[in-house]
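Fair warning: this is a prediction, and the values are worked out from it, not measured in the lab. Naming: A, B, ... by sequence-line order, numbering from 1 per chain.
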2 protein chains.
Amino acid sequence: MMKSKAKPAAKTRIQSENQDLILKAALDVFSTYGYRGATVDQIAAKCGLSKPNLLYYFRRKEDIYTAVLEHTLTEWLIPLRMLDVTNDPITELTNYISTKLEMSHRNPAASRLFANEVLHGAPHIRKFLNGPLKDLVEAKAAVIQTWIEAKKIKPVDPQHFIFSIWAVTQHYADFAVQVEAIMGPKPDRLKTQTAVLEILLNGLKISP
Amino acid sequence: MMKSKAKPAAKTRIQSENQDLILKAALDVFSTYGYRGATVDQIAAKCGLSKPNLLYYFRRKEDIYTAVLEHTLTEWLIPLRMLDVTNDPITELTNYISTKLEMSHRNPAASRLFANEVLHGAPHIRKFLNGPLKDLVEAKAAVIQTWIEAKKIKPVDPQHFIFSIWAVTQHYADFAVQVEAIMGPKPDRLKTQTAVLEILLNGLKISP
DNA sequence: TTCATTCTTGATCAAATGGTCAAGACACGA
DNA sequence: TCGTGTCTTGACCATTTGATCAAGAATGAA
């Protein structure tokens with residue numbers, strides 16, 4: 001007898017459990033080895049499923065990659081969305097930068113997955129970059145511009161300022177190996193946060 | 001009759017010409033597709049040599065990669081080495097940041113090659129990071145520290161400041177696709193330079 | 001020109017890898 | 001317990017790809 005549920009493929013318990021397992025393992029493997037460097041066998045081994053079983057849930061390797069990438073992207077922009085023009089800019093930006101640093105520390109794999117994708121020309125997320133991302137950045141650049149016109153912060157190019165925040169905060173995830181080679185293992189997170197906030201907000205020129 | 005030259009393998013004209021061709025093509029291909037993503041066939045095709053011929057000059061794929069990576073690393077640190085404690089800090093740092101931006105623009109492939117290597121755990125250049133790079137950064141951090149103690153610049157953590165410069169400048173090469181998706185193609189280089197210098201040197205807090 | 005050395009490549013191999021399939025094991029509502 | 005649909009997998013396939021090799025072509029010093 002046909003299952004009563006219609007097309008929209010309701011998930012069984014086993015389905016959601018295993019898809020979750022797969023996505024977790026895939027994030028790990030893809031972020032470490034890149035898309036081409038990762039193998040389906042690796043992902044399968046990491047989550048304790050057989051390769052054919054994994055390909056039962058995601059028909060192609062690329063489907064796994066796309067799924068884990070999209071899952072990552074949605075969370076990635078939440079902090080930026082929260083930038084609120086009605087609040088104090090220094091408070092808001094301090095909070096945004098701190099949150100980004102925190103995210104990079106808590107989930108460096110996600111940061112690296114995204115970095116790797118963009119580094120190689122963003123073949124899977126071009127539309128995301130040109131659409132939702134561009135729109136969001138323009139909206140938030142407008143927020144920063146508002147603060148500038150209210151003379152609450154110095155006149156800096158808002159878009160480039162957003163790029164700088166991304167660059168610096170994600171650097172601590174994407175280039176962690178380099179950072180640790182230079183600073184020693186487990187660099188002091190508080191020091192890092194203080195330094196990054198100091199640099200991005202205050203610069204280093206002695207005030208005239 | 002034996003060639004008069006001894007072991008140290010003197011290069012013939014053809015050798016240096018072809019090795020040069022190969023390294024140029026390899027930089028392109030490796031930086032675009034990553035180590036695992038790049039194929040020997042691609043590199044061979046790009047420089048117009050047959051695959052066996054390419055493997056006549058570099059026995060293994062990894063040898064090509066190592067060669068092009070080392071070739072890149074040596075040039076990469078030249079600007080930082082030039083940071084001179086006896087000069088004016090703002091002049092020196094402005095110059096360093098501008099040069100790094102310039103390099104990222106002129107040779108984004110080199111930046112991406114390096115980024116990709118570090119992103120994936122720097123398996124081929126661990127020793128370089130722990131040795132020469134660490135030493136150089138410590139030396140130049142000391143230079144910045146000297147400027148701080150002379151009250152010529154604000155007290156920022158020198159190492160984190162160097163990281164920030166790297167992060168922001170290389171961002172424009174490594175994440176070029178993203179930058180162009182948001183700012184449109186061919187972003188104004190002068191505007192970028194002005195903004196980056198403004199952010200890293202001045203910050204955006206209104207002076208008290 | 002001679003000829004030892006260097007350079008070049010078509011053919012080929014073995015391993016890795018994405019993906020398929022049919023058959024069987026299991027879950028769970030009736 | 002039964003039976004249908006879901007889940008699992010060993011075996012297998014086709015392609016890609018790094019690497020080899022033997023044989024031939026080009027080079028250039030004497």
Side-chain angles (χ1 to χ4, degrees), chain A residues 1-26 28-30 32-69 120 123-124, chain B residues 1-26 28-30 32-69 120 123-124:
Chain A
M1 189 187 291
M2 278 275 287
K3 194 79 173 293
S4 61
K5 301 281 186 179
K7 290 176 202 164
K11 276 187 196 173
T12 68
R13 176 184 56 84
I14 295 179
Q15 262 170 36
S16 57
E17 276 178 13
N18 281 348
Q19 284 186 1
D20 206 53
L21 273 180
I22 293 170
L23 290 182
K24 274 186 171 57
D28 249 38
V29 175
F30 280 129
T32 304
Y33 301 102
Y35 177 70
R36 295 282 298 268
T39 71
V40 178
D41 289 275
Q42 271 178 306
I43 301 172
K46 184 143 227 156
C47 59
L49 299 180
S50 67
K51 180 165 65 169
N53 198 14
L54 193 154
L55 290 168
Y56 168 76
Y57 292 101
F58 295 89
R59 196 164 296 176
R60 299 176 305 154
K61 179 188 182 185
E62 200 177 354
D63 292 345
I64 315 174
Y65 183 73
T66 305
V68 76
L69 195 53
H120 295 343
H124 298 82
Chain B
M1 191 187 290
M2 279 275 288
K3 194 80 174 290
S4 61
K5 302 280 185 179
K7 291 175 202 165
K11 276 187 196 171
T12 68
R13 175 184 57 85
I14 294 179
Q15 262 170 37
S16 57
E17 276 178 12
N18 281 348
Q19 285 187 0
D20 205 54
L21 272 180
I22 294 169
L23 290 182
K24 274 186 172 57
D28 249 38
V29 175
F30 279 129
T32 304
Y33 301 100
Y35 176 69
R36 294 282 297 268
T39 72
V40 178
D41 289 275
Q42 271 177 306
I43 301 172
K46 183 142 228 157
C47 59
L49 299 179
S50 68
K51 181 164 65 167
N53 198 14
L54 193 155
L55 291 169
Y56 168 76
Y57 291 101
F58 295 89
R59 196 163 299 174
R60 299 175 306 154
K61 178 190 183 184
E62 199 176 354
D63 293 344
I64 315 174
Y65 182 73
T66 306
V68 75
L69 195 54
H120 295 344
H124 298 84

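Contact annotation: A:Y56 reaches the phosphate of D:dC7 (side-chain N/O to OP1 or OP2, under 4.0 Å). Using a 4.0 Å cut-off, no side-chain N or O of B:N53 falls inside it from OP1 or OP2 of C:dG10. Contact annotation: B:R36 side-chain N/O to C:dT17 OP1/OP2 distance is under 4.0 Å. Distances shorter than 4.0 Å separate none of the side-chain N or O atoms of B:N18 from OP1 or OP2 on C:dT6. Contact check, A:Q15 against D:dC7: a side-chain N or O comes under 4.0 Å of OP1 or OP2.
If you take OH of B:Y33 and P of D:dT17, they are 11 Å apart, rounded to a whole angstrom. Look at CD1 on A:I64: it is 9 Å from P on C:dG18, rounded to the nearest Å. Atoms CZ (B:F30) and P (D:dG18) sit 9 Å apart, rounded to a whole Å. As a whole-Å value, the separation of B:Q19 CD from C:dT6 P is 14 Å. For the pair B:I43 CD1 and D:dA19 C1', the interatomic distance rounds to 14 Å; values are reported in whole Å. The separation between A:Q42 atom CD and C:dT17 atom P is 7 Å, rounded to whole Å. Residue A:I22 contributes atom CD1, which lies 12 Å from atom C1' of D:dC7 at whole-angstrom precision. Here the C1' atom of nucleotide D:dG10 and the NZ atom of A:K51 are 12 Å apart, to the nearest Å.
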How far apart are the C-alpha atoms of A:V40 and A:F58, what are their side-chain angles, what is the distance that settles it, and do they pass the side-chain contact (heavy atoms from CB on, under 4.5 Å) test? CA-CA 11 Å; A:V40 178; A:F58 295 89; over 6 Å; no

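Using a cutoff of 4.0 Å between basic side-chain nitrogens and carboxylate oxygens, A:K24 and A:D20 are scored as salt-bridged.
Mapped onto DNA chain D by nearest heavy atom, A:Y57 and B:R59 fall at different nucleotides, with A:Y57 at the one closer to the 5' end. Comparing A:L55 and A:G37 against DNA chain C, the residue whose closest nucleotide sits nearer the 5' end is A:G37.
To the nearest 0.5 Å, the span separating CG on B:L54 from CD on B:Q19 amounts to 10.5 Å.
The base of C:dG19 does not come close enough to the side chain of A:K61 for any donor and acceptor atom to sit less than 3.5 Å apart.
Relative to the side chain of B:D41, the nucleotides C:dT8, D:dT17, C:dG18 differ in distance, and D:dT17 lies closest. Closest contact between the side chain of B:T39 and the listed nucleotides D:dG18, D:dT9, C:dG19 involves D:dG18.
A 6.0 Å sphere centred on OH of B:Y33 holds no more than 12 heavy atoms belonging to other residues, nucleotides or ligands.
Nucleic acid contact class of B:A38 (heavy atoms, under 4.0 Å, all strands): sugar-phosphate only.
Aromatic ring pairs are classed by plane angle as parallel below 30°, tilted from 30° to 60° and perpendicular above 60°; the pair A:F30 and A:Y35 is parallel.
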